[in-house]
Amino acid sequence: MTETTHRPETVHALLADGSTVEIRPARAQDLDEVLRMHREMSPEALRLRFFAVNPRYARAAAERVCAPAHRGYQALVAVAGGRVVGVAEYDTLPTAAGEPVSADIALAVAEGRHGQGIGTLLLEHLVHAAREAGVSAFTAEALAENHEVLKVFGDLGLRTSRHFDGTDVRCTVHLEQDEDYLAAVDRRGRIADVASLRPLLRPCSVAVVGAGRRPGSVGRAVLGNVRSGGFTGALYAVNPHASVIQGTPAFPSVAALPLVPELAVLAVPAPAVPGVAEECGAVGVRALVVLTAGLDADQAEALFTCCRHHGMRLVGPNCLGIADTFDEVRLNATFAAHRPLPGCAGVAVQSGGVGIALLERFGRLGVGVSSFVSLGDKYDVSGNDMLQWWESDPGTRLAVLHLESFGNPRAFSRTARRVARAMPVLTVDAGRSDAGRRAAASHTAAAATPTMTRRALFTQAGIIATQSVAELVDTTALLHAQPLPAGARVAVVSNAGGAGVLAADACVDAGLTVPALDPALAGELRGTLPPGAATANPVDTTAVITADRMRSCLDQLTAHGAVDAVLVVLVPTALATGTRDDPLRALTAAPGRRPRPVAAVLLDQEAPVRLLPTADDNPVPAYTEPRSAARALAHAARYARWRAEPPGSVPPLSGIDPAGATAIVETFLTSHSDGGWLDPRDCAALFDRYGIPQLPWAWAEDEDTAVAAVRHLVEDEGGRVALKAYWPGLVHKSDQGALRLDLEGPDQVRHAYRELRARFGGRMAGVLLQPMARRGIELFAGVVQDEVFGPLVLFGLGGTATELLADHAAKLAPLTDRDAHGLLTAPRCAPLLFGYRGGGAVDLEGLEQLLLRLSRMACDLPQLAEADLNPVVARPDGVVALDVRLRILPRHAYDPYLRRLRAARRWRA
């Protein structure tokens, strides 16, 4: 068992009804509260918990829970409103050395609080704490009639077995985290999250605090928008200097309101925010929207602490507000100039300015929103919360996000993967400039730019990442109005040859293909189009094309299957524009829902994008620029391809020893408290724990040891070896002259060792000897632990030119089988791996295994700051890492999937 000194932190988490509880280790001061909880339990509940109705058992249990912490024991309490409402504990059982560690557990929930998910939430956190301490299984004794606790264990999502003995049952819960457990946690988290957001987005009553008497104030504007928007619930203003504002009853304080509002919108000066928030929490307000900007550190901390203490969800501060167009609510609590158009797009932004721009553009486009949230400084409610809300909202069919930061990217990625299977999720990939890059100690870290990391998240999660707000709107228009394309093949149809060429080039630049049409289809089109038309693709219809002929052409192309989308490029002519023969009518006169997407480019159009209205309500997106249309089609094609692929899974790996790996890391950190680079011996030992293939090696700290090692490394006397100098922090051995290759025999090894010792002196800690590897393709693989995004696995072309060519791809760990395959195919060097120009393919399965094992190592060891394998030599008969560097830092594990609300920031620098 690996004993850890890291204790569970104090966190807040959501229950099934949307309320908030505090989960933390039990303290001595909790004794009276734990005793009270047990004394208030019914005799039947006490019998089921202690197998007898005896007050002494309850006192003994309470004293055990609140005793000082000791090795092998952990007790957690759930606290709501200052009262303990649940207790969970484990106590490890005696175990022989080297055997799996198990622990007995006990669980109790306060009377009247059953069915809220308190017990399950406590167990999730207890499982996390036990796993951190090396416990592999829980055991629990229960009466067979205690169906409630047996259901809690059974529904947890972990592998559970039961053994019945008369009236008793012994449950064993195995703590290995797998996809079934994570999916069960997801379901519980989604239910709780949606319930907590209901008072925010679908409130029955709203109070605007700080609504001014005179025009021009933010609060007055919000009050007016809520009122004019037709809000269906009770609406109040809070202003100590008025009794009515804009026809809305006003009261001097929140406490003076005739009823407790579910939602309070705060538009008061920054110094007043903490006090107003505390007043709201004290009377029972469920959610806050804080529009105020400019809170200092003390005010920010007070606001956050208040919301957590009273269980209020918080949007903002420094935000534009929120809106929900659901017909039974019709809430517009923003200070935007215009009311959001009702529709099916869920929109969440951090920047208020971007939010206003999106609402305006979507309104002009005719794409309405289901809900809109300006997240502002994002103290609490985040993009992850909104994704779960939209996932549960049948009125939302598009999710649009503009996020400047990620609080928990791995949880966000997991949620987005699930949501994107049901609806498109779009965002703007902001922060792509070189200014966002950080200096790094090695080329592994240097390769992992913030841009690469964000794109890895977006790609793996199926998120459509655009480069600008305009591109986001362009793509939204297409996805809102047209079906998804089945592939990337586009037919370009134009009534002007030159315009068609421009559109074809734009499609190819965007990553689409413009294939030549097969002869049969081309023949059909020639029979439809006017004489002189070209049907090769682009299809030049000539300027004399009529609406009927254009419609027939589009119908033939979208029905055939030779292409996946059609891009129609029209220029106005004097021949038919404005008449019944205008080819534009082929798009607007009730064309019907075609099986493949159709987009238009109208070169004389003023608006960058608009939806062409049709009689049968099947609008067609029309763009001013071919490039805009092509990029939107390309985004749709990539998203459709991602959604069509089956989701990957994290495969089980044989021959790994996480406990042994952890012991190596902890031993190193015992003597290197600030971390550092592992020496080659520890690197090799760590790789052995994960079955990562390496060349045979020997370590030497003097020339005689180096010479003696040669005979053990080479198969025959003619075998050659490499000699590599080592000292902590050495990055580029070849640049430093710290590498000697093709050494044959003891004399050459001795001479090379003396050269290196003379060159580097006492700085050189020793040398690593390895047999010379057979030739193959030199690749690079590595890991970087990003402080926000978690472990990132990198792969690409290796050798001395790896930094110069920068041919790298990256994906966030844990890698699925599909992620690993995607890493192999992403770099420009990928054709070399699959047999370029008749060459044999390398060991692809071995490469995938290497990446999967690196991913698992990075997930198991949060202390692994960097792993650098360069080169990795790949051949048809195998894969082997020649040079390995690992950097370790003192870090604790962080489970991104453990249910908890966002923790307090470090408000002060």
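FYI, the numbering just counts along the sequence from 1.
Here T476 pairs with nothing under the side-chain hydrogen bond (donor to acceptor under 3.5 Å, both in side chains) rule; sequence neighbours left out. Contacts of S552 classified as side-chain hydrogen bond (donor to acceptor under 3.5 Å, both in side chains), with partners at least two apart in sequence or in another chain: none. Residues satisfying the side-chain hydrogen bond (donor to acceptor under 3.5 Å, both in side chains) criterion with R421, sequence neighbours excluded, are absent altogether. D518 meets the salt bridge (Lys or Arg N to Asp or Glu O under 4.0 Å) test with no other residue; sequence neighbours excluded. In this structure D895 satisfies the salt bridge (Lys or Arg N to Asp or Glu O under 4.0 Å) test with no other residue, sequence neighbours excluded. Checked against salt bridge (Lys or Arg N to Asp or Glu O under 4.0 Å), R397 has no partners two or more places apart in sequence or in another chain. Legend: residues meeting salt bridge (Lys or Arg N to Asp or Glu O under 4.0 Å) with R818, ordered by chain and number and at least two apart, are E645. Applying the side chain to side chain contact (heavy atoms under 4.5 Å, CB included) criterion to A809, with sequence neighbours excluded, gives L823, A826, P827.
A side-chain donor-acceptor contact under 3.5 Å links D843 to the backbone of G846. Checking side-chain atoms of Y639 against main-chain N and O of A420 turns up a donor-acceptor pair under 3.5 Å. Remark: side-chain polar atoms of E625 are not paired, donor with acceptor, to backbone N or O of P608 under 3.5 angstrom. A donor-acceptor pair is defined here as one N or O able to donate and one able to accept, closer than 3.5 Å; no such pair exists between the side chain of T396 and the backbone of L398. The closest donor-acceptor contact from the side chain of N495 to the backbone of T542 lies at 3.5 Å or more, if one exists at all. A distance-only check finds a donor-acceptor pair linking the side chain of R551 to the backbone of A589 [under 3.5 Å]. For the pair Q350 (side chain) and E404 (backbone), a donor-acceptor distance under 3.5 Å is present. Looking at D505, its side chain never comes within 3.5 Å of a backbone N or O of L502 through a donor-acceptor pair.
Remark: aromatic rings of H808 and F780 are close, center separation under 6.0 Å.
Taking a 6.0 Å sphere around CZ of R627, one finds it holds 12 or fewer heavy atoms contributed by other residues, nucleotides or ligands. Atom CZ of R339 has 12 or fewer heavy atoms from other residues, nucleotides or ligands within 6.0 Å.
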Below 3.5 Å, can you tabulate the donor-acceptor pairs from side chains in residues 457-465 to any protein atom, sequence neighbours excluded?
| unit_1 | atom_1 | unit_2 | atom_2 | d |
| --- | --- | --- | --- | --- |
| T459 | OG1 | R455 | O | 2.8 |
| Q460 | OE1 | L812 | N | 2.5 |
| Q460 | NE2 | L812 | O | 3.0 |
| Q460 | NE2 | D819 | OD2 | 3.2 |

Below 3.5 Å, can you tabulate the donor-acceptor pairs from side chains in residues 351-365 to any protein atom, sequence neighbours excluded?
| unit_1 | atom_1 | unit_2 | atom_2 | d |
| --- | --- | --- | --- | --- |
| S351 | OG | G353 | N | 3.3 |
| S351 | OG | V354 | N | 3.2 |

**Study point:** Derivation and outcome, side-chain contact (heavy atoms from CB on, under 4.5 Å), residues V419 and M423
**Key:** CA-CA 6 Å; V419 176; M423 71 178 74; 3.9 Å; yes
**Study point:** Derivation of the side-chain contact (heavy atoms from CB on, under 4.5 Å) call for T541 and M550
**Key:** CA-CA 8 Å; T541 67; M550 178 65 81; 4.1 Å; yes
Check your understanding: Could you go step by step and tell me if Q467 and R631 meet the side-chain contact (heavy atoms from CB on, under 4.5 Å) rule?
Key -> CA-CA 10 Å; Q467 303 295 298; R631 285 187 307 203; over 6 Å; no
Check your understanding: After noting the C-alpha distance and the side-chain angles of D186 and R414, does the key distance pass the salt bridge (Lys or Arg N to Asp or Glu O under 4.0 Å) rule?
Key -> CA-CA 9 Å; D186 285 345; R414 183 174 176 85; 2.7 Å; yes
Review point. So S649 and D817, side-chain contact (heavy atoms from CB on, under 4.5 Å) or not? Walk me through it.
Key: CA-CA 6 Å; S649 60; D817 47 5; 3.8 Å; yes
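Taken from CG in L472 to CG in D429, the straight-line distance is 12.0 Å, to the nearest 0.5 Å. One distance of note links OG1 of T475 with NE2 of H480; it measures 14.0 Å at 0.5 Å rounding. Interatomic distance, R853 CZ to L815 CG, rounded to the nearest 0.5 Å: 13.0 Å. Taking CG of L557 as the reference point, atom OG1 of T535 lies at 10.0 Å (rounded to 0.5 Å). Atom CG in L403 sits 5.0 Å away from atom NZ in K378 (nearest 0.5 Å). The CG atom of L200 sits 10.0 Å away from the OG atom of S371 when rounded to the nearest 0.5 Å.
Side chains of L794 and M452 form a contact here, defined as non-hydrogen atoms less than 4.5 Å apart. At least one side-chain heavy atom of V347 sits under 4.5 Å from a side-chain heavy atom of V349. Using a 4.5 Å cut-off on side-chain heavy atoms (C-beta onward), R899 and V185 make contact. For the pair R596/P483, no side-chain contact is recorded, criterion being any heavy-atom separation below 4.5 Å from C-beta on. Taking 4.5 Å as the limit, some side-chain heavy atom of V568 sits within range of a side-chain heavy atom of V566. For the pair P485 and P597, the minimum side-chain heavy-atom distance is below 4.5 Å. The side-chain heavy atoms of V571 and D604, taken from C-beta on, include no pair separated by under 4.5 Å. Considering only heavy atoms from C-beta on, V842 comes within 4.5 Å of L847 through its side chain.
Contact record, A481 with P619: CB-O, 3.4 Å, taken as the closest heavy-atom pair. Scanning both residues, G487 and A637, for their nearest heavy atoms gives O-CB, 3.6 Å. Taking each heavy atom of A636 and L479 in turn, the nearest pair found is CB-CD2, 3.9 Å.
A donor-acceptor contact closer than 3.5 angstrom links the side chains of E848 and H821. Between the side chains of S370 and W390, no donor N or O sits under 3.5 Å from an acceptor N or O. Side-chain contact annotation: T415 with N384, donor-acceptor N/O pair under 3.5 Å present. For H635 and E471, the side-chain atoms include at least one donor-acceptor pair closer than 3.5 Å.
Sorted by first and then second residue, the pairs that involve residues 557-568 and meet salt bridge (Lys or Arg N to Asp or Glu O under 4.0 Å), not counting sequence neighbours, are R489-D564. The ring pair (Phe, Tyr, Trp, His ring centres under 6.0 Å) analysis of residues 404-428, with sequence neighbours excluded, yields the pairs F406-F412, F406-F789.
For the side chain to side chain contact (heavy atoms under 4.5 Å, CB included) with V609, the qualifying choice from T624, D474, L478 is D474, the only one to do so.
One finds a salt bridge joining D393 and R202 here, because a Lys/Arg side-chain nitrogen approaches an Asp/Glu carboxylate oxygen to under 4.0 Å.
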